[in-house]
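Working notes, beginning with the structure itself.
The figures here come from the full heavy-atom set of this structure, side chains too, leaving out hydrogens, waters and symmetry mates. Naming: A, B, ... by sequence-line order, numbering from 1 per chain. Bear in mind the structure is a predicted one, so any value in this text is a computation, not a measurement.
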Amino acid sequence: MYPDSSNHGGGLRNYSKLKYFLGNSFLRICPNKSIELSKKMKQIFTLFKKDLLLEIRQQYAFYGVLLYVGATIFVLYMAIESPDNRTWIGLFWIIQLFISINAVAKSFLQESRSRMLYYHSIVSPQNFVLAKLLFNSLLMLVMSLLSMVLFSLFLTYPVQKTVAFIGLVFLGGWSLSLVFTFLAAIAAKAQQNAAIMAILGFPIIIPQLLLLMSASSTVFNLKVAVPLTNVLMLFASDVLVILLSLILFPFLWKD
Amino acid sequence: MNKWWWKILCIILLLYTLTAGLLWNNVPRVPNLQETIRNLYFHVCMWFAMMILFTASVVQAVKYLRTNDLQYDIRSREFAVTGIVFGILGYATGTIWMSYTWADPNTPTTASFSQIAKEPKLIGAAIALLIYFAYLVLRDSISDIDKKARIGAVYNIFAFAFLFPAIWIIPRLLPSLHPGGEGGEGGNPALNYKDLAPQMRTVFYPAIIGWTLLGVWITSLKVRMRFLKEKNLIEQWPEK
C-alpha cells in the first residue's frame, strides 16, 4: 500500500538541506545547555518538517485516509440512519479508532531500512520519536475534525455542547494517535502490517476509549458537566505514553 | 531457584488450602453465598497469582533490556504463559461462582452472559489476558532471536504500564456486582480488610502464597525445559 519511498525522488528533494540541518546540530558539541536544547528542538522540528513535506508531496496517502474516512461513514450511513445517542457516540469513537490506525500506521512502515539507518547516524532516538509523535498528533487532529464534520453531516447531530465535544474529539484523537504511533514503531520493527497494530493496540486502548465514551456521553445534555477527572486521566495517560516512548524507543531503534 | 524448601512449602500450603478450605467449618454464613464462599480460596488466589506472575514477567523483560541476556527473555515469556494459565483458571473458578450467585436462575446461563460480561473486573482481566496473548503473537511471529526478545520486551513493558491504570480506571466507570465495587469505590476486594471475615484470612493468605509458589514452580520447570531445547543456541546457559 505504501511503496518504498526511495523511488520518490520528488518527495526527498529537500534531503541535502535536511542532512545539512541535522548533521550540523549533531556534530557541533555545545557547552551551553540552552543552546543544546534549541538544537534538540531544531532537530525535532526538521524531522517534523520532513514528514510534513513528504505528506504534502505524496498526497495520495493523505487522500487515501480521507477516502477511508468518507467511505466508512457513508457505509455507516447506509446501514444505520439516525442512531440514538448511545449508539451515535459509540460508533463515532469506533470510527475514530480505525481512522487512527490507518492514518498512523504508515508513519513508521513507510521508512525504508536504509533510511532508518541514515536517521540513526544523525539524530538521537528520542528526537526522532518525538517528531513522529508530534506529526501524527497533528495528522490525527486534522482527521478527527474532518471525520467529526462528515459524521455529523450524515448521521444527524445530537450534540448540544459543541465546544466541549470538539475538545473531547481533539483529546481523544491525540490519545489514539500517541498510542498507535508507538505501536506502529513496534509493528514496523517486527516487519508486520497494520493488522498486528490492532491486535497489540486494542487491549491497551480499551480504558482510554471507555474514559472518552463516558466523558463524551455528557455532551448530549446541557445540564450535565463534562467530568473533569476523566479528562485529567486521559491527559495523564497521554503523558505516560510519551514518557514510555522516550524510554523504550531507543531499544526498538537499534538493530 | 535450585533450593527445594519452597517446593515443600508450596505442597504443604496447597494441601492445607484444599483440606481446610473445603472442610474447615469456620466460614461465615452469607445469605447469597452460603458454602460457595469457599471459592475465595481458589478464585481470588488465581488472580493474585496471575498478577504476580505478570509482574515477574515484566521484571524479567526489564532485566533483558538492561543486559541483553537471552535467559531473561525466556524467563519473561514463560512467566507470561503461566500467568495466562492462571488467568484462565481464574475465569473458570469465577464462572462457577457466578453461576450460583449472579446468574438469573430462571433463564439459561447464556442469556445473562451479556450483562455479566460487562462487569469491570471481568474487563480488567480480559485486558490483561488480551495483552499477553498479543505479546505471545508478536514475540513468536519474529524469527530473529535477538529481535524477538527485544521487541517482545518492549511491548511487554509498554502494555504492562497500561494494565495497572486500566484495572484502577475501569471500576470507576462502570457499575459492578463484584465485591469491592459498591459506591463507585472500586479497588481490590481481596485487599479490602472490611470485607473479609477475620477467620477466613487464616486460610486465605496461605492459599495466595501456595498458589503463587505453584505458579513459580511450573514456570521454573518450563524455563529449564526451554533452556535444554535452546542449548545449541548459546554456549553458556545458566545451570537452572
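At a threshold of 4.5 Å between non-hydrogen side-chain atoms, the residues B:Phe158 and A:Ile204 count as touching. Residues A:Leu240 and B:Phe162 have side chains in contact (heavy-atom distance under 4.5 Å, counting atoms from C-beta outward). Using a 4.5 Å heavy-atom threshold, the side chains of B:Tyr155 and A:Leu200 count as touching.
Interface remark: A:Phe182 contributes side-chain atoms only to the contact with chain B (heavy atom separation under 4.5 Å). Proximity to chain A is limited to the side chain of B:Ile142, based on heavy atoms less than 4.5 angstrom apart. Only the side chain of A:Ile196 comes within less than 4.5 Å of a heavy atom in chain B; its backbone stays farther off.
Residues of residues 51-61 of chain B lying under 4.5 angstrom from chain A, judged on non-hydrogen atoms, do not exist. For residues 241-251 of chain A, heavy-atom neighbours of chain B at less than 4.5 Å comprise A:Val241, A:Leu244, A:Leu248, A:Phe251, sorted by residue number.
Within 6.0 Å of NZ in A:Lys161 there are more than 12 heavy atoms belonging to other residues, nucleotides or ligands. Other residues, nucleotides and ligands contribute more than 12 heavy atoms inside 6.0 Å of the OH atom of A:Tyr157.
When all heavy atoms are compared, the tightest approach of A:Gln191 to B:Lys147 is NE2-NZ, 3.5 Å.
Taking CE of A:Met197 as the start and CG of B:Leu138 as the end, the distance is 12.5 Å to the nearest 0.5 Å.
The greatest number of non-hydrogen atom pairs below 4.5 Å with chain A, out of B:Val137, B:Leu130, B:Asp146, B:Leu129, is found for B:Leu130.
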